Amino acid sequence: MCLSIPSKVVALHPDEQAVTVETMGVKRKVSSHLLSDPLELDDYVLIHIGFVMNKIDKADAEQSLALYQEIVDKMDEQEH
């Protein structure tokens, strides 16, 4: 099973067909070769093995991120 956490586009690299995304505080450069739609700063995308698979709605992304953060917070509470 794979989980894809919504990632926010924080930098564009059009010469490389790549973007830098931020996923829950972690930034990484990923390829946008497989996406036909142009990306802009602050778009939300889903990533799989280093490739942008699709762009997603901002409200859906923010709702998913809030749920992931809730899971992380509960896991942290259980460890302490």
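The figures here come from the full heavy-atom set of this structure, side chains too, leaving out hydrogens, waters and symmetry mates. All values reported here derive from a predicted model rather than from experimental measurement.
- How far OG of Ser7 is from CG of Asp43: 12.0 Å, rounded to the nearest 0.5 Å.
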Worked check of side-chain contact (heavy atoms from CB on, under 4.5 Å) between Gln69 and Val72: CA-CA 5 Å; Gln69 188 60 53; Val72 169; 4.1 Å; yes
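- A salt bridge does not link Lys55 to Asp37: none of the charged side-chain nitrogens sits closer than 4.0 Å to a carboxylate oxygen.
- Heavy atoms from other residues, nucleotides or ligands lying under 6.0 Å from CD of Gln17 number more than 12.
- Going from atom CD of Glu22 over to atom OH of Tyr44 covers 7.5 Å, rounded to the nearest 0.5 Å.
- The closest side-chain heavy-atom distance from Thr23 to Ile47 is not below 4.5 Å.
- Across Pro6 and Tyr68, no two heavy atoms sit closer than the pair CD-CE1, 3.9 Å.
- Contact between Ala18 and Ser32 at its shortest, heavy atoms only, is N-OG, 3.5 Å.
- For the pair Ile56 and Ala61, the tightest heavy-atom approach, listed with the atom from each and the gap, is CD1-CB, 3.7 Å.
- Hydrophobic clustering, defined by side-chain heavy atoms of Ile, Leu, Val, Met, Phe, Trp and Tyr closer than 4.5 Å, groups Leu34 together with Ile49, Phe51, Met53.
- Within the 4.5 Å cutoff, no side-chain heavy atoms of Lys8 are placed close to those of Leu65.
- The 12-atom threshold is exceeded at NE2 of His13, counting heavy atoms of other residues, nucleotides or ligands nearer than 6.0 Å.
- Between the CG atom of Leu12 and the CG atom of Leu41 there is a distance of 4.5 Å, given to the nearest 0.5 Å.
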